[in-house]
J.: 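One structure, as structure tokens, below. Some questions next.
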Amino acid sequence: MNRTRNLLDEALDLNNDNKGSRVVVIEDCVETSGAFVIHHLIKRNLSLPSSLIVFVAFSQPFSHYERILRKLGCNLVMQRENGRFHFLDMLSMQCPDGEEDKLCEGGLVSLYGKIQKAVEVSSSTEGNKNSVTIMIDDISLMEVAANGSSNHALDFLHYCLTLTSDFGCTLVILSHEDVYSNMEKPMLMLQMEYLADVLIKAEPLATGLATDVHGQVSLLIYFLTVVNRGRYEKGSLKTKTSNFQFKIRDNNVECFYPGSQT
Amino acid sequence: MAATKTRTSSFSRNPSLLNSSHTSPGLKYGPNGSIFVSSGIPDLDKILGGGFPLGSLVMIMEDAEAPHHMLLLRNFMAQGLVHSQPLLYASPASDPRGFLGTLPSPVLSKDDKLRAHDSEQEKGLRIAWQYKKYFGEQQPNLGAQQDCKHEYCSDFDLRKPLERHFLSGQQISCVSIQDLVNLTSFHEHCSAFLNQIQRNDDCTSCIGRIAIQSLCAPQCGYSNMDWGMLSFIRSLKSMIRSSNAVAVISFSPSLLLPAFCKRWQHLSDILLSVKAIQDEDKELAKLLTGYQDMVGLLNVHKVARANTQVPVILEATTFSIKLQKRRYLTLECLNQAPVDGASGTSYATSGSCSGSSKTGALDF
């Protein structure tokens, strides 16, 4: 039981060997929400010592995450008071609608400023570079907030990416696959998939939803081998895929290989 | 006695909340600290596990050729008015207030069911109706409160218009989307409505209902404002989250680009879709029992998860909309093998049941 529960962790832990920066992209669809991966990662990161999360929330208020994480056994209010969980409430953030691009950029620039400040403060005081995680829930709503300018959202992502290389943070992004799947040039999604070191896709089962299996997850992990560690070239990297199914509970996520559930 | 007992436990419910549940018939407490308001259709409440959670955004995908979404909207609005909750109704029609005249009237469901079996009960019911009549228009609120004191969700008689006193003396705000200059003014209208609700101390009238019909209809003039509409919905959602209100938006997916339609769907907490069925579809009539009473199909795509990450898995996602005795709106599971096929396309194509080719008609 213990082993199966940690399938998601095991898959993600692969990258812990090399200390490079990494980007985790979670893609979900209307039928199956990928939010549980976000919750799982919050809990996992906060359970590590001297870790810090900068959470950019576009979709849900703090109380929502707080209640869910409390059931997972993690007190977000306390973590926020301790300064380990920076919650940036972007629920009502709306870039002013103007012809000038600068107006629209303004909102995202100030948001980036907040993130940067939080990251810099933590890295200067604690000196532990690998412990900061930036989470964005979710990127498609950031696009909406930026009045549909995926370029601005992309710029924002690239700025965040500089943080991952400068300070060694992890970037976790939630996105919706089905929104982009029937677009002609889904630049944002293509870019994200390109930048991703770990790509997690949450889908419903092809046979529909069941009470025992809530969906399936496919993980695509890009290895950074020891040789080209430090360099950031995807072409030479190995990939590893793993598929498993999951069942979400209030206090954990049960992951298992297809057919192994009794 | 019971109250003191529960308070000693660390899991006690907030006593002030408990008290308020007695005073407001329109609220129901669900699991995970969620509070439900009724959708106005008892069966839909059951399907959704209690109703619409407060602070949620409900979206109904319309059938482009049939007005079945109006059935859901009507009952939702009428239920709010019966509970004397403030209502904001926005519609692309030029006279939205006229729509209030088509709202159905509640019947006392339990009495109604018993009426067929028990003649004495019928007498009692009659007296109750007469009794209410004496109140007339002078004390409408008192009448309304007695009418539905313990009724979380009323049955509505679609053939009977809602009585006048429900429509008067309440906070009902009707907007024609055509009259609004742009989405910003619409947004201001909604936020003004929600602010007004929050100022109310009275518990029953602090629950607001927002019904927006056909948001992306061509006559609204928003057709080239895809992003504007999205950010309107997004900010409406964030406003509702922080206030005691429920919003129902109906929209026609065929009027949106597929990518935007998906974005809308992602924004919703509860996602329903309705579809009409043809009058003379003989294949379907053979396939389904009770086809004659059916007026359409309801699909539940997404169910709200209040304060939990566990998804709600329904036994069936497709339901038939029936009009019982041509009066009462009921939802029933489809009484046939391919019921579950409606949720996954592969099931329908696997050919495991004889009617697999026909189930395609049920898929949305």
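Values in this document were obtained by computation on a predicted structure and should not be read as measured data. Residue numbers begin at 1 in each chain, while the letters A, B, ... track the order of the sequences. Just so it is clear, the values below take in all heavy atoms, side chains as well, and ignore hydrogens, waters and symmetry mates.
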J.: Side chain from CB out, backbone as N, CA, C, O: work out which of these in A:Asp178 comes under 4.5 Å of a heavy atom of chain B, or both, or neither.
T.: both
J.: Under a 4.5 Å heavy-atom cut-off, does chain B meet the side chain of A:Ser33, its backbone, both or neither?
T.: both
J.: Sub-3.5 Å donor-acceptor pair from the side chain of B:Thr318 to the main-chain atoms of B:Asn299, do we have one?
T.: no
J.: What part of B:Leu267 gets closer than 4.5 Å to chain A, counting heavy atoms only: side chain, backbone, both or neither?
T.: side chain
J.: Report the option among B:Ser235, B:Cys261, B:Ser238 that has the most heavy-atom pairs separated by less than 4.5 Å from atoms of chain A.
T.: B:Ser238
J.: Is the closest side-chain donor-acceptor distance between A:Tyr257 and A:Asn243 under 3.5 Å?
T.: no
J.: Shorter than 4.5 Å, heavy atoms on both sides: which option in B:Lys262, B:Lys302, B:Gln309 has the most such pairs with chain A?
T.: B:Gln309
J.: May I ask you to name which of B:Gly228, B:Ser231, B:Ser268 has the most heavy-atom pairs under 4.5 Å with chain A?
T.: B:Ser231
J.: Roughly how far, to the nearest 0.5 Å, is the CH2 atom of B:Trp264 from the CG atom of B:Leu256?
T.: 5.0 Å
J.: Does any backbone or side-chain atom of A:Leu141 lie under 4.5 Å from a heavy atom of chain B? Answer side chain, backbone, both or neither.
T.: both
J.: Name the option with the most non-hydrogen atom pairs under 4.5 Å to chain A; the candidates are B:Gln265, B:Arg241, B:Met239.
T.: B:Arg241
J.: Parallel, tilted or perpendicular: which one describes the rings of A:His64 and A:His39, with boundaries at 30° and 60°?
T.: tilted
J.: Which atoms of A:Tyr180 come close to chain B, meaning under 4.5 Å heavy atom to heavy atom: side chain ones, backbone ones, both, or neither?
T.: side chain
J.: For the residue pair A:Tyr112 and A:Tyr159, does the interplanar ring angle fall in the parallel (under 30°), tilted (30 to 60°) or perpendicular (over 60°) class?
T.: tilted
J.: Quick check on the interface: out of B:Leu271, B:Ile233, B:Val310, who has the most heavy-atom pairs with chain A under 4.5 Å?
T.: B:Val310
J.: Under 4.5 Å from any heavy atom of chain B, what part of A:Glu143 do you find: side chain, backbone, both or neither?
T.: both
J.: Could you walk me through whether A:Leu111 and A:Met142 pass the side chain to side chain contact (heavy atoms under 4.5 Å, CB included) check?
T.: CA-CA 11 Å; A:Leu111 171 61; A:Met142 177 191 278; 4.3 Å; yes
J.: Hey, do the aromatic rings of B:Phe52 and B:Phe36 have their centres closer than 6.0 Å?
T.: no
J.: Looking at chain B, which one of A:Gln60, A:Glu31, A:Lys247 has the largest number of heavy-atom pairs inside 4.5 Å, strictly under?
T.: A:Gln60
J.: Evaluate the criterion ring-ring contact (aromatic ring centres under 6.0 Å, His included) for residue pair A:Phe36 and A:Phe246; output intermediate values, then yes/no.
T.: CA-CA 10 Å; A:Phe36 73 94; A:Phe246 60 88; 4.4 Å; yes
